[in-house]
Amino acid sequence: MRKYRLTYPSEKLGDALLSEAILKTNAKVNILRANVDYDRGILVVSILADGKKEKEFIGFLEKHKISVEELSGKIVKDEGLCTDCGLCVGVCPTDAITVEENVIIINNDDCVQCNACVEACPFRAIRIQEF
Amino acid sequence: MKTIKEINEKIRCGEAVIVRADEMPGIVEKDGAEKAAKKVDVVTTATFGAMCSSGAFLNFGHSDPPIKMQKVWLNEVEAYAGLAAVDAYIGASQLSETEGMSYGGAHVIEDLVNGKEVDLKATAYGTDCYPRKFVETSVSLADVNQAVMYNPRNNYQRYNAAINSSDKIIHTYMGTLLPGAKNVNFAGTGELSPLNNDPKYRTLGLGTRIFLCGAQGYIISEGTQHSPKTGFGNITVSGNLKEMDTRFLRAATMPKYGTTLYIGIGVPIPILSPEIAQATAVRNADIETSILDYSVPKLSRPQVAKVSYEELFSGTVEVDGISIKTAFMSSLRITNEILSELAHRIEDKQFYLTEPVVRLPLDSECKLMKLREKVIHVGDVMARDLKTAGKSDSIDSVSSLMIENNINQVPITDDAGKLCGIITSWDITKAIAEKKRKLAEFMTKKVVTSYADDPLDVATRKIEKHEINSTPVVDKEGRLTGIITLSDITRAYRSKGR
């Protein structure tokens with residue numbers, strides 16, 4: 001299952017393009033995060049479909065001027081800086097951070113890269129690592 | 001009954017029985033307090049958490065020609081220098097004058113303990129005996145004569161847990177609190193916490209030797225705001241900064257709140273009697289605390305629920321039937337490291353127990369500040385004679401209302417008098433530019449509001465934080481009762497001479 005960041009330009013915000021893409025390609029899509037700003041909208045989705053449908057789905061959106069990028073980075077904690085306090089656990093919207101045997105574990109499969117943990121960490125121990 | 005002398009003798013012979021605080025409930029349950037007190041000599045307790053009321057005295061040595069430092073900065077963080085000539089106190093929560101919240105006194109202390117050099121800058125007025133008026137150099141822990149950590153308020157035996165019931169994110173000394181009561185942050189190590197294991201202070205007081213951030217430190221006295229009657233006892237501790245280790249001392253920035261120092265403290269409790277053994281058998285389930293609503297920016301925050309540390313540590317708590325995620329602000333991983341380090345030092349005969357010279361008081365209470373002037377509330381200052389409009393009113397009538405009354409904002413209410421939006425003169429300008437005509441289309445719906453009984457300082461903070469010019473005042477049912485503007489606030493403060 002791959003995750004993508006879809007960026008809508010402001011003039012496309014009123015269009016139901018995601019629904020159209022789903023209906024057209026029959027791909028199952030899970031919306032993980034949605035932010036709408038005055039100048040753009042961002043959706044983070046995971047696509048549960050085979051490679052062909054996934055390609056069609058992305059192709060449709062790109063044809064309608066929506067930029068599609070795969071979320072390639074991952075959240076990492078700096079072991080030297082992290083004290084294993086749990087302040088990141090509380091702010092994570094997808095419960096991707098847990099405490100196991102008093103140590104913070106980040107599960108990147110569940111992460112939607114919203115940055116909440118990065119901002120909440122008092123030790124600046126968490127960051128998004130891009131590949 | 002045992003004595004501390006006897007326990008120290010056992011330590012010397014390598015015969016002392018040392019047990020972690022969380023092993024004691026099982027031992028006392030199985031053997032009874034009497035037998036447990038004979039069997040166990042020392043119970044180790046510890047905590048590692050944010051302790052803002054921390055800092056260090058530094059003596060820089062005299063320069064030649066000498067200076068009587070009046071103001072001192074370490075890496076641009078001001079330290080207090082109103083002590084003779086070359087002594088200063090660097091406090092953990094003082095912020096850098098150039099870096100703001102990302103660097104503070106806590107970071108200066110951490111850098112020093114890490115062996116780094118920090119910039120020292122000092123100014124003075126110059127005297128016959130101290131002619132120098134300015135000095136700038138760099139210092140490390142090796143350069144200073146003394147570096148003594150002295151923390152006036154550390155190691156609270158428990159702490160209130162924090163929640164935010166408002167609809168906006170808030171940033172507090174309890175960390176980031178999500179809107180809509182989405183998370184509960186809590187601190188303190190519960191059954192492992194030193195003061196919870198000796199709540200009658202039978203073994204704790206001036207001169208009790210403790211593990212302090214890797215050094216051998218001491219309890220000096222009760223901490224400031226020590227409040228044992230309400231279960232909020234705390235201690236003042238001191239130790240040699242030069243012997244500390246950043247495994248047990250860490251600088252932190254609570255986002256959008258400020259800097260603080262995470263302090264590691266370990267306290268060995270000598271098991272002198274069955275009563276002391278019984279006290280160390282405390283469990284997380286026995287230790288209660290309150291979840292307080294930190295969205296209320298007053299000292300008396302409403303209690304949302306009462307919970308035990310067992311519930312808090314379980315990862316979720318129930319509030320009004322809803323399960324809410326809990327997050328621990330302290331660190332159990334490092335607390336465990338302190339417990340084993342302390343036990344090793346006792347086993348290795350590097351750490352002996354001491355008898356307190358004066359025990360901590362059991363009856364002190366924490367008073368509030370006496371204020372000379374009456375607190376001004378929003379209701380004292382707000383305008384009650386309101387010009388309002390309804391959602392179906394025209395843009396023209398709202399514009400005329402503003403011009404005729406010389407106002408910049410008009411609250412929009414429904415038929416029941418409840419606030420449903422606000423329109424400012426800027427909204428009107430924007431609506432005209434965007435060719436919008438219906439008030440409902442362009443009014444601000446998420447309005448920042450105040451209550452009449454909010455202190456004026458609270459409303460001022462809201463106005464500053466949201467960069468707005470006014471806040472409508474509503475009652476508990478959401479009905480509009482007034483409005484308070486920036487100019488009302490300025491007028492009120494000016495009349496008070498602020």
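Here the structure is a predicted model, which is why all the values come from computation and not from measurement. Chain naming here is simple, since letters A, B, ... match the order of the sequence lines and numbering starts at 1 in each.
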* **Test: B/Arg20 and B/Asp22 ion pair at under 4.0 Å** => yes
* To do: Look up atom CD1 in A/Ile75 and atom CG in A/Asn115, then write down how far apart they are to the nearest 0.5 Å.
  => 6.5 Å
* Short side-chain to backbone donor-acceptor contact, B/Asp427 and B/Met443, under 3.5 Å -> no
* Region of A/Cys88 that comes under 4.5 Å of a non-hydrogen atom in chain B -> neither
* Structure fact -> Highest number of heavy-atom pairs under 4.5 Å with chain A among B/Asn183, B/Val184, B/Thr253, B/Asn185 belongs to B/Thr253
* To do: With a 4.5 angstrom heavy-atom cut-off, could you sort out which part of B/Ala251 is near chain A: side chain, backbone, both or neither?
  => backbone
* Classify the ring geometry between B/Phe186 and B/Phe328 as parallel (under 30°), tilted (30 to 60°) or perpendicular (over 60°). => tilted
* What part of A/Leu81 is in contact with chain B, defined as an atom under 4.5 angstrom from a non-hydrogen atom: side chain, backbone, both or neither? -> both
* Is a side-chain donor-acceptor pair under 3.5 Å present for A/Asp110 with A/Thr94? -> no
* Structure fact -> Applying a strict 4.5 Å limit to non-hydrogen atoms, the region of A/Val103 in contact with chain B is side chain
* Between B/Tyr262 and B/Phe48, ring centroids under 6.0 Å -> yes
* Which of B/Met254, B/Arg247, B/Lys256 touches chain A most, by non-hydrogen pairs under 4.5 Å -> B/Met254
* Segment of A/Cys92 engaging chain B (4.5 angstrom heavy-atom cut-off) -> both
* Asked: Tell me, side chain or backbone of B/Thr335 under 4.5 Å from chain A's heavy atoms, or both, or neither?
  -> neither
